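In this text, all values refer to a predicted model and were calculated from it rather than measured experimentally.
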Amino acid sequence: MSKSLFLNLNLAVLFCHCFAMVVLVVAQVGVILVPKFEKFAKNLQGLNLIKLFFIIISTSLCVILASGAYMSSVSPKIHEPFVEMIVVAKLLLLLFFAVNLLYMVAKFVGAKRAFLRDEQILFEENLILITVYFTPLNLVLTLMATYLGLAFRVF
């Protein structure tokens, strides 16, 4: 009995994983670019757009975690020491990413409160922390995890 190309679960999970990675990178770039546009930078619509990007980032992170766990559990080479090191490094990057994301959400809530209370300086400080420091850091972590994932697939 031959394998069907279109009904292969491993390929579907790999596609979902890669698609979620692309969505994650695009959403992070969106968080960086939204405050650059003047009409979004200082109103509630811009904050709601950043909130939407946070929801997209969280959802794609959950898809990446689930699909990555599935792919590593069905991989026959998971018990090799170098591969185990790659998996542990990816989990540590994911943990650091998640902690940064939670901190960014806390700063976003602070920025929204400051916006509603018309405290412009606190609003801009929180927005700068999110868009200038933590989102590019998470973007670098994402690219590092992508490299490790490619190394895992090739090794």
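- When all heavy atoms are compared, the tightest approach of Thr131 to Ile32 is O-CG1, 3.8 Å.
- Considering all non-hydrogen atoms of both residues, Ile86 and Leu148 come closest at CG2-O, 3.4 Å.
- No continuous path of ILVMFWY side-chain contacts below 4.5 Å connects Leu143 to Val63, so the two sit in separate hydrophobic clusters.
- For residues 85-115, the ring-ring contact (aromatic ring centres under 6.0 Å, His included) pairs, not counting sequence neighbours, are Phe54-Phe108, Tyr103-Phe134, Phe115-Phe123.
- The line from CG of Leu47 to CG of Leu52 is 12.5 Å long, rounded to the nearest 0.5 Å.
- Counting non-hydrogen atoms of neighbouring residues, nucleotides and ligands closer than 6.0 angstrom, the CD1 atom of Ile121 reaches no more than 12 such neighbours.
- Contact detail for Ala20 and Ile64: the closest heavy-atom pair is CB-CG1, 3.6 Å.
- Shown here for Met21 and Thr146, the closest heavy-atom pair between the two residues is CE-OG1, 2.6 Å.
- Contact record, Val23 with Ser60: CG1-CB, 4.3 Å, taken as the closest heavy-atom pair.
- Residue pairs meeting the salt bridge (Lys or Arg N to Asp or Glu O under 4.0 Å) criterion with at least one member in residues 121-131, sequence neighbours excluded, are Lys42-Glu124.
- Met144 and Leu91 fall within the same hydrophobic cluster, defined by Ile, Leu, Val, Met, Phe, Trp and Tyr side-chain heavy atoms under 4.5 Å apart, directly or through other members.
- Under a hydrophobic clustering in which Ile, Leu, Val, Met, Phe, Trp and Tyr are joined whenever their side-chain heavy atoms come within less than 4.5 Å, directly or via other members, Val34 and Leu44 fall into the same cluster.
- At a threshold of 4.5 Å between side-chain heavy atoms, the hydrophobic network of Ile, Leu, Val, Met, Phe, Trp and Tyr places Leu129 and Val132 in one connected group.
- Of the residues listed (Leu95, Val105, Thr135, Leu141), the one engaging Asn100 in a side-chain contact (heavy atoms from CB on, under 4.5 Å) is Leu141, and it is the only one.
- The minimum heavy-atom distance linking Gly149 with Lys90 is given by the pair CA-NZ, 3.4 Å.
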